[in-house]
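Starting from 1, each residue takes its place in the sequence as its number. Just so it is clear, the structure is predicted and the values come from calculations on it, not from any experiment. Atom set for the values below is all heavy atoms of this structure, side chains included, hydrogens, waters and symmetry mates excluded.
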Amino acid sequence: MTPSQSYWTFDLSPYVFQVKNINFNWVTTWWGILLLLAVFGGGLFFTWTQSKKLKTSEKLNKNPENTSLLSKKIQNIELIQTILIYSLAIVSILFVLQIMKINWGLRWYSTMYLIGFISVYVGCMIWIRKRTLMLTEGMLMNLITLCIIGMLIGARAAYVFVYNWDFYKTRPLDAIATWEGGLSFHGGIIGVSLAILYYCRKYKIPFFHLTDKLVRVIPIGIGMGRIGNFLNGELWGRPIEGNVPWAIIFPEGGAVARHPSQIYQSLGEGWGLFITLYIISRWKQKEGTISACFVIFYCLYRFIVEYFRAADAQISYLYLSNFSWAPLNAYPNASWWQILTMGQILCLCFLISGLIMLYFTRKNILEYSSEWTKRIEEFHKMHAAENSKK
């Protein structure tokens with residue numbers, strides 16, 4: 001960033017890196033080829049042989065404790081193998097893109113959401129291995145993939161029909177151009193919820209059992225995503241009133257100092273929500289309570305921070321004094337609490353849904369009760385029996 005008067009002017013690159021800036025000359029040298037063969041070829045051969053030996057030992061071993069230890073070693077080796085395969089694929093793709101002179105770049109926004117999905121994966125893997133989640137490692141990737149699809153469809157649909165219908169009704173084909181931006185988090189929640197509901201019905205898993213775990217790590221993705229918004233220089237805040245030392249001038253938002261509302265949102269609906277749910281989860285709760293609290297506190301934190309965020313230009317603000325949509329400061333006499341954004345209106349709707357959900361969860365099964373533990377044990381025994389048959 002570079003200073004402009006007493007405030008900073010945003011000038012960060014939206015890219016983590018671009019293909020054109022990567023030096024791949026070493027790949028075509030003899031030592032580069034040997035290095036690739038040693039790292040990837042040698043690594044994959046070593047992990048494959050070790051995995052094969054351990055699997056053979058696991059079949060011959062009749063001691064449950066040794067079998068469990070061997071199983072963990074096999075999982076760790078297969079994880080290393082997966083990392084090597086994906087790393088080789090990434091290097092190969094980037095090399096081919098540079099040869100074909102396709103200047104692709106990895107954006108910060110995409111990277112932050114990727115970190116969020118990795119956090120969900122790691123969190124679920126920990127719960128699976130502790131046997132506190134009704135999922136298997138093989139089922140997890142299918143669930144995450146389904147959730148990503150549901151999130152994209154729901155988030156895009158909500159943006160198209162709620163935030164910008166006047167534009168897309170005359171350009172229906174542009175509605176599928178998600179790479180051009182335009183996603184609604186509230187729509188994403190609905191899309192993910194429907195995807196999880198379908199998954200739970202298919203595999204006979206209690207819906208709230210699964211969502212109570214997922215929502216504990218999802219705020220990490222939200223927090224990282226908002227940082228991605230900031231690094232992209234988008235979804236900036238409202239113009240400041242008075243002196244705000246940390247205000248920033250976003251060139252695309254005009255030559256005015258604005259609140260870095262993306263950072264506020266990251267701290268509130270991201271990390272603040274994560275800490276809130278962590279504290280609540282320290283006590284045993286009825287199934288569905290954590291999920292309801294996720295919805296409730298997300299809406300509360302976002303509703304507050306939205307007072308610092310600029311509304312979408314195509315919608316503007318809702319003035320409660322006369323129930324009309326108009327730009328900010330269109331009615332100078334209106335009090336600050338009488339001016340709402342579409343995001344705040346959706347938060348109020350979801351807040352009511354969250355409170356209703358919280359009321360109906362009071363009759364659900366208690367986490368870590370004998371009934372709850374028995375249900376998980378039966379699930380894992382059933383899937384262990386199915387795997388042994390295969």
*Does the side chain of Leu348 come within less than 4.5 Å of Ile352's, by heavy atoms?*
no
*asked:* Keeping Ser335 on the side-chain end and Gln338 on the backbone end, is there a donor-acceptor pair under 3.5 Å?
replied: no
*Output the distance between atom CH2 (Trp30) and atom CG (Leu35), rounded to the nearest 0.5 Å.*
11.0 Å
*Answer with yes or no after comparing the ring centroid distance for Phe10 and Phe230 against a 6.0 Å cut-off, counting only values under it.*
yes
*Indicate yes or no for a side-chain donor-acceptor contact from Ser13 to the backbone of Tyr15 under 3.5 Å, with no hydrogens or angles considered.*
yes
*Nearest heavy-atom pair of Leu277 and Pro219: which atoms, and what distance?*
CD1-CG, 4.1 Å
*OG/Ser51 to CZ/Phe46 distance, rounded to the nearest 0.5 angstrom?*
11.0 Å
_Within the 6.0 Å centroid threshold, strictly below: Phe185 and Tyr298_ = yes
*Who pairs with Arg258 by salt bridge (Lys or Arg N to Asp or Glu O under 4.0 Å), at least two apart in sequence or on another chain?*
none
_Among Asn329, Leu328, Leu340, Asp312, side chain to side chain contact (heavy atoms under 4.5 Å, CB included) partner for Tyr317_ = Leu328
*State the CD-CG distance between Glu252 and Asn232, to the nearest 0.5 angstrom.*
9.5 Å
*Establish whether Leu210 and Leu366 are linked, either directly or via other cluster members, by ILVMFWY side-chain heavy-atom contacts under 4.5 Å.*
no
*Just wondering, more than 12 heavy atoms not from Phe360 lying within 6.0 Å of its CZ?*
no
*asked:* Under the rule for salt bridge (Lys or Arg N to Asp or Glu O under 4.0 Å), what residues qualify as partners of Lys55, not counting sequence neighbours?
replied: Glu78
*Nearest heavy-atom pair of Leu84 and Gly43: which atoms, and what distance?*
CD1-C, 3.6 Å
_Heavy-atom count check: over 12 atoms from other residues, nucleotides or ligands less than 6.0 Å from Phe24 CZ?_
yes
*Do the side chain of Gln344 and the main chain of Phe303 share a donor and acceptor less than 3.5 angstrom apart?*
yes
*Between Arg375 (side chain) and Trp372 (backbone), is there a donor-acceptor pair under 3.5 Å?*
no
*Taking a hydrophobic cluster as the set of Ile, Leu, Val, Met, Phe, Trp and Tyr residues connected by side-chain heavy atoms closer than 4.5 Å, whether directly or through intermediates, do Ile153 and Tyr199 fall within one such cluster?*
no
*asked:* Under a 3.5 Å distance rule, please check whether Tyr264 uses its side chain to pair with a backbone N or O of Gly237 as donor and acceptor.
replied: no
_For Gly32, is there any backbone N or O sitting under 3.5 Å from a side-chain donor or acceptor partner on Thr29?_
yes
*List the atom of Glu234, the atom of Asn229, and the distance in Å for their closest heavy-atom pair.*
OE2-ND2, 2.9 Å
*Just wondering, more than 12 heavy atoms not from Trp31 lying within 6.0 Å of its CH2?*
yes
_Atom pair CD1/CD1 of Ile296 and Ile280 - distance to nearest 0.5 Å_ = 8.5 Å
_Distance (rounded to the nearest 0.5 Å) between Ile222 CD1 and Ser266 OG_ = 10.0 Å
*What about Val215 and Leu146, same hydrophobic cluster or not, with Ile/Leu/Val/Met/Phe/Trp/Tyr joined at side-chain heavy-atom distances under 4.5 Å?*
yes
*Run through the side-chain heavy atoms of Ile, Leu, Val, Met, Phe, Trp and Tyr, join any pair under 4.5 Å, and report what else lands in Leu54's cluster.*
Leu70, Ile74, Ile77
*Does Thr9 use its side chain to pair, donor to acceptor, with the backbone of Ile249 at less than 3.5 Å?*
no
*Is the shortest distance from a Lys or Arg side-chain nitrogen in Arg309 or Glu306 to a carboxylate oxygen in the other one below 4.0 Å?*
yes
*Donor-acceptor pair, His209 side chain versus Glu367 backbone, under 3.5 Å?*
no
*Should Leu88 and Trp26 be regarded as members of a common hydrophobic cluster, given that ILVMFWY residues are connected when their side-chain heavy atoms come within less than 4.5 Å of each other, either directly or indirectly?*
yes
*Following the transitive rule for hydrophobic clusters with a side-chain heavy-atom cut-off under 4.5 Å over Ile, Leu, Val, Met, Phe, Trp and Tyr, establish whether Tyr86 and Leu79 coincide in one cluster.*
no
*Could you check if a side-chain atom of Leu235 sits within less than 4.5 angstrom of a side-chain atom of Ser261, using non-hydrogen atoms only?*
no
*asked:* So, taking the atom named OG1 in Thr47 and the one named CG in Asn76, what distance separates them when rounded to the nearest 0.5 Å?
replied: 12.5 Å
*Parallel, tilted or perpendicular: rings of Trp48 and Phe45 (30°, 60°)*: tilted
*asked:* Please check this pair: side chain of Arg282 against backbone of Tyr278, looking for a donor-acceptor N/O pair closer than 3.5 Å.
replied: no
*With no hydrogens and no angle check, is any side-chain donor or acceptor of Arg238 less than 3.5 Å from a backbone partner on His259?*
no
*Identify the two heavy atoms, one from Ile196 and one from Cys147, that lie closest to each other, and give their separation to 0.1 Å.*
CG1-SG, 3.7 Å
